[in-house]
Amino acid sequence: MNIDIKRVKIFVTIPLENVEEVRNAICNEGAGIIGDYTYCTLSTRSVGTFKPNDNANPYIGEKNNLEFVEEEKLEIVCDVDKVKKIITKLREIHPYEEPAIDIIPLIDEDFFK
């Protein structure tokens, strides 16, 4: 089976106070376009956990302390040829030292006959 991947979905968790800034930045780079619509995203409130080690420089919390942070998980689609540019912008604007980013390939519905 040979599948031509043209689009991906990017998932990233973001502190609540930074969601709009991140959303605007990556949409301005070309993410979130579906047909004739732009800024197409989905946000889900969640609680993230992490424990920064001695080498970390945490945006939130303290080294060696387990943190529980209310975040939003932002989901957004983009064309494969824009992924690198969008991820670069995302890392530049995101407040976390190590943002949790997932990139999932999408299969076009025309693949299914």
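Everything numeric here is computed off the predicted structure, so don't read it as measured data.
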I want to check something: taking the side chain as every heavy atom from C-beta on, are Phe11 and Lys73 in contact at a cut-off of under 4.5 Å? yes
Taking the side chain as every heavy atom from C-beta outward, state whether Ile104 and Val8 have any pair of such atoms under 4.5 Å apart. no
Roughly how far apart are Asp110 CG and Asp4 CG, rounded to 0.5 Å? 11.5 Å
Val69/Tyr59 under side-chain contact (heavy atoms from CB on, under 4.5 Å): CA gap, chis, key distance, verdict: CA-CA 11 Å; Val69 179; Tyr59 174 72; over 6 Å; no
Any pair with a residue in residues 35-50 that passes salt bridge (charged side-chain N to carboxylate O under 4.0 Å, His left out), sequence neighbours left out, goes on the list, sorted by first then second residue, please. Arg45-Glu70, Arg45-Glu72
Sequence-distant partners of Phe50, ring pair (Phe, Tyr, Trp, His ring centres under 6.0 Å), two or more places apart: none
Taking the basic N atoms (NZ, or NE/NH1/NH2) and the acidic carboxylate oxygens, is any pair closer than 4.0 Å for Arg7 and Asp79? yes
Taking the side chain as every heavy atom from C-beta outward, state whether Ile5 and Leu106 have any atom pair closer than 4.5 Å. no
Go through the steps for Asn65 and Glu67 under the test side-chain contact (heavy atoms from CB on, under 4.5 Å), then give the verdict. CA-CA 6 Å; Asn65 188 43; Glu67 302 293 338; 3.0 Å; yes
Keeping to residues at least two apart or across chains, list the side chain to side chain donor-acceptor pair (under 3.5 Å) pairs with something in residues 99-109. none
Common cluster, Ile34/Ile107, ILVMFWY with side-chain heavy-atom separation under 4.5 Å: no
Nearest heavy-atom pair of Ala56 and Pro52: which atoms, and what distance? CB-CB, 3.6 Å
Does the side chain of Cys27 reach to within under 4.5 Å of the side chain of Ile76, using non-hydrogen atoms? yes
Sequence neighbours excluded, every pair satisfying ring pair (Phe, Tyr, Trp, His ring centres under 6.0 Å) that has a member inside residues 75-105: His94-Tyr96
Hey, are the side chains of Ile10 and Ile101 touching, using non-hydrogen atoms and a 4.5 Å cut-off? yes
Counting C-beta onward and ignoring hydrogens, is there a side-chain heavy-atom pair between Val83 and Lys85 closer than 4.5 Å? no
Under 3.5 Å, is there a donor on one side chain and an acceptor on the other for Asp54 and Asn64? yes
Should the heavy atoms of other residues, nucleotides or ligands under 6.0 Å from NZ of Lys63 be counted, would the total exceed 12? yes
Using the test side-chain hydrogen bond (donor to acceptor under 3.5 Å, both in side chains), find all partners of Glu21 that sit at least two apart in sequence or belong to another chain. none
Look only at the side chain of Asn18 and the backbone of Ile14, and say whether a donor-acceptor pair between them is shorter than 3.5 Å. no
Once you round to the nearest 0.5 Å, how far does CD1 of Ile87 lie from CD1 of Ile26? 7.5 Å
Per the side chain to side chain contact (heavy atoms under 4.5 Å, CB included) rule, which among Glu75, Glu71, Arg23 passes with Ser43? Arg23
Given side chains that start at C-beta, do those of Cys78 and Ile33 come closer than 4.5 Å, heavy atoms only? no
Using a 4.5 Å cut-off on heavy atoms from C-beta on, say whether the side chain of Phe111 contacts that of Ile3. yes
Here the ring pair (Phe, Tyr, Trp, His ring centres under 6.0 Å) pairs for residues 64-87, sequence neighbours left out, are none
Give the cluster check for Leu74 versus Ile103: same hydrophobic cluster or not, with ILVMFWY residues linked at side-chain heavy-atom distances below 4.5 Å. yes
